[in-house]
Amino acid sequence: MTTMTEASVREFKMPDVGEGLTEAEILKWYVQPGDTVTDGQVVCEVETAKAAVELPIPYDGVVRDLHFPEGTTVDVGTAIISVDVGGGSAAPAPSAAQPAAAQPAAAAPAEEPKAVGSGRQPVLVGYGVATSSTRRRPRKGPEVPVQQASTAIQTELNGHAPTAPEPAPAAAQAAPAGPDRPLAKPPVRKLAKDLGVDLTTVVPTGPDGIITREDVHAAVAAAVPPAPEPSVASAPAAVPASHDTARETRIPVKGVRKATAAAMVGSAFTAPHVTEFVTVDVTRTMKLVEELKADKEFAGLRVNPLLLIAKALLVAIRRNPDVNASWDEAAQEIVVKHYVNLGIAAATPRGLIVPNIKDAHAKTLPQLAESLGELVSTARDGKTSPAAMQGGTVTITNVGVFGVDTGTPILNPGESAILAVGAIKPQPWVHKGKVKPRQVTTLALSFDHRLVDGELGSKVLADVAAILEQPKRLITWA
């Protein structure tokens with residue numbers, strides 16, 4: 001058997017997959033010690049404050065060790081996986097990412113993983129790495145093998161431990177765990193992770209053995225030991241409601257949700273917001289949507305009111321270019337952008353994100369429809385890249401899909417305007433001197449009053465409304 005030398009081992013460090021991000025959480029490992037990897041192969045999925053990203057390995061070799069288990073938050077620049085690039089084939093060392101049952105019975109407990117090296121480390125992109133120590137996400141308790149966890153729960157519920165099985169031979173204990181990964185959809189996996197539930201211990205009730213949200217909640221309830229019988233001498237009359245864990249759920253604020261919260265607070269208390277509203281008859285726009293759906297130029301493309309609203313906003317920006325700007329606090333300058341990166345707010349299982357369509361101003365209507373379709377499908381799949389959420393200049397948020405009439409949207413940081421679109425529904429409307437049912441919606445435009453005054457903001461909103469009322473202006477004003 002060939003022995004691996006330290007010189008042949010390469011350490012792959014956590015890269016900065018965004019701009020200036022300092023840490024990322026390991027969501028899933030796609031490889032295990034002993035697996036062969038090739039240059040460019042995806043080895044794990046991580047979540048940053050901006051998005052979930054798959055990481056490719058930059059060289060060929062055999063995986064020697066995974067330094068951190070799934071669910072660990074790791075600083076940028078810290079080694080996360082060791083790969084033997086010298087062609088050796090020794091048995092892999094026990095990994096921190098493997099369950100305790102997969103390690104040799106005689107092995108001493110592994111030490112807590114530590115950051116590799118010190119100072120600045122090379123990264124793929126961004127501004128550098130953090131020098132703080134690696135932090136673990138909060139856990140309910142120490143990691144134990146699935147079998148031990150099951151035994152502990154049964155002991156709490158029944159008051160005694162079940163009969164212990166005979167210990168397996170050392171060789172069998174050293175082998176990696178072999179069961180298949182439990183079947184569950186991404187939102188259910190996130191729920192389980194937030195509640196500290198190991199999906200391998202959950203009994204699935206969904207079709208084809210899929211774990212449902214109800215299964216996760218049932219596992220949480222089963223893990224809570226029953227309250228002891230109150231003592232006449234010492235027990236209180238009742239347990240305060242604040243101590244009843246079944247009455248509330250605590251969700252850690254991290255990742256995309258944490259970044260969004262910080263950005264919204266910063267935007268709300270930095271930029272002086274002004275919001276204006278207009279209610280408009282969009283009956284002709286809705287008719288045009290139906291006509292475009294039947295047009296062969298839009299075959300295979302998703303055509304909906306949002307497409308024409310986006311195009312209307314782009315035309316309004318071309319007519320009023322000063323609204324497409326940002327405020328440079330350090331230089332005390334207003335930066336007018338001669339391009340439009342159109343952001344579309346999207347609700348995802350990981351929280352609200354705002355990916356943007358690069359150079360949307362230069363796209364034809366079919367090209368804009370294609371870009372919108374790709375943006376929405378990528379966001380729903382949780383595959384939006386950090387680059388897709390950077391550099392936006394103006395945003396649209398469609399609250400109408402929730403049946404909401406309107407709102408006062410908060411600016412995306414670094415932008416000067418955001419358009420909220422309300423629900424489109426039939427309402428009585430005066431049309432050609434008579435009251436008729438028409439398709440009506442309410443638009444709300446929030447803008448940064450430091451660089452967009454009331455006149456400019458009103459002109460932009462009025463232009464969008466005029467185009468949606470008479471969509472032929474998309475041609476006459478283009």
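Residue numbers count from 1 along this sequence.
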Worksheet item: Which is it for Asp39 and Tyr59 under the side-chain contact (heavy atoms from CB on, under 4.5 Å) test, yes or no, and what are the steps along the way?
Response: CA-CA 4 Å; Asp39 186 2; Tyr59 30 74; 5.6 Å; no

Worksheet entry | Derivation of the side-chain contact (heavy atoms from CB on, under 4.5 Å) call for Leu313 and Ile396 | CA-CA 9 Å; Leu313 179 59; Ile396 295 176; 3.6 Å; yes

Worksheet item: For Leu66 and Ile80, what are the C-alpha separation, side-chain angles and deciding distance, and is it a side-chain contact (heavy atoms from CB on, under 4.5 Å)?
Response: CA-CA 6 Å; Leu66 307 180; Ile80 59 175; over 6 Å; no

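Side-chain atoms of Leu419 and Thr397, non-hydrogen and from C-beta on, never get closer than 4.5 Å to each other. Ile26 is listed as a side-chain neighbour of Met14, based on a closest heavy-atom distance under 4.5 Å. Looking at Val452 and Asp322, their side chains never come closer than 4.5 Å, going by heavy atoms from C-beta outward. Ile344 has its side chain within reach of Leu342: a pair of non-hydrogen atoms, C-beta onward, lies under 4.5 Å apart. The closest side-chain heavy-atom distance from Val197 to Val202 is below 4.5 Å. Counting heavy atoms from C-beta on, the side chains of Val340 and Val394 come closer than 4.5 Å. Side-chain atoms of Leu443 and Thr406, non-hydrogen and from C-beta on, never get closer than 4.5 Å to each other. Counting heavy atoms from C-beta on, the side chains of Lys311 and Leu365 come closer than 4.5 Å.
Salt bridge annotation for Arg250-Glu248: present, with a cationic side-chain nitrogen under 4.0 angstrom from a carboxylate oxygen.
Using modelled atom types, one finds a donor on one side chain and an acceptor on the other under 3.5 Å when comparing Ser8 with Asp84. Under the 3.5 Å distance criterion, with hydrogens and angles disregarded, no donor-acceptor pair is assigned to the side chains of Thr73 and Glu25. Looking at Thr393 and Asn341, their side chains never bring a donor and an acceptor atom within 3.5 Å of each other. When only modelled atom types and interatomic distance are considered, Asn412 and Glu415 share a side-chain donor-acceptor pair under 3.5 Å. For the residue pair His67 and Ser82, a side-chain donor N or O sits within less than 3.5 Å of a side-chain acceptor on the partner.
Looking at residues two or more places apart in sequence or on another chain, you find no salt bridge (Lys or Arg N to Asp or Glu O under 4.0 Å) involving Lys28. Scored by the side chain to side chain contact (heavy atoms under 4.5 Å, CB included) test, Ala331 finds Asp328, Glu333 as partners (sequence neighbours excluded). Residues meeting the side chain to side chain contact (heavy atoms under 4.5 Å, CB included) test with Thr205, sequence neighbours left out: Thr212, Asp215. For the side chain to side chain contact (heavy atoms under 4.5 Å, CB included) test, residues two or more places apart in sequence or in another chain that qualify with Ile210 are Leu183. Every residue two or more places apart in sequence or in another chain that forms a salt bridge (Lys or Arg N to Asp or Glu O under 4.0 Å) with Arg450 is listed here: Glu329, Asp448. A search for side-chain hydrogen bond (donor to acceptor under 3.5 Å, both in side chains) contacts involving Ser446 returns Thr275, not counting sequence neighbours. When the salt bridge (Lys or Arg N to Asp or Glu O under 4.0 Å) test is applied to Glu54, the partners found at least two apart in sequence or on another chain are Lys383. With sequence neighbours excluded, no residue satisfies side-chain hydrogen bond (donor to acceptor under 3.5 Å, both in side chains) with Ser416. Residues satisfying the side chain to side chain contact (heavy atoms under 4.5 Å, CB included) test with Val43, not counting sequence neighbours, are Val31, Val37, Ile57.
Looking at every heavy atom in both residues, Pro204 comes nearest to Gly209 through CB-O, 3.4 Å. Closest approach of Val399 and Gly422 over heavy atoms only: CG2-CA, 4.2 Å. A pairwise comparison of heavy atoms in Pro366 and Leu301 identifies O-CD1, 3.5 Å as the closest pair. In this structure, Met389 and Thr384 approach most closely via the heavy-atom pair CG-CG2, 3.9 Å. Contact detail for Lys363 and Ser371: the closest heavy-atom pair is CE-OG, 3.4 Å. Nearest heavy-atom pair, Val460 versus Ala316, reported as atom, atom and distance to 0.1 Å: O-CB, 3.9 Å.
For the atom pair CG (Leu55) and NZ (Lys13), the distance works out to 14.5 Å, reported to the nearest 0.5 Å.
Checked by atom type and distance alone, the side chain of Asn356 pairs as donor or acceptor with a backbone atom of Gln390 at under 3.5 Å. For the pair Glu370 (side chain) and Gln367 (backbone), a donor-acceptor distance under 3.5 Å is absent. No donor-acceptor pair closer than 3.5 Å links the side chain of His361 to the backbone N or O of Leu314. For Trp29 (side chain) and Phe68 (main-chain N/O), a donor-acceptor pair under 3.5 Å exists by modelled atom type. In terms of modelled atom types and a separation under 3.5 Å, the side chain of Thr378 and the main chain of Leu375 share no donor-acceptor contact.
Sorted by first and then second residue, the pairs that involve residues 293-310 and meet salt bridge (Lys or Arg N to Asp or Glu O under 4.0 Å), not counting sequence neighbours, are Glu290-Lys293.
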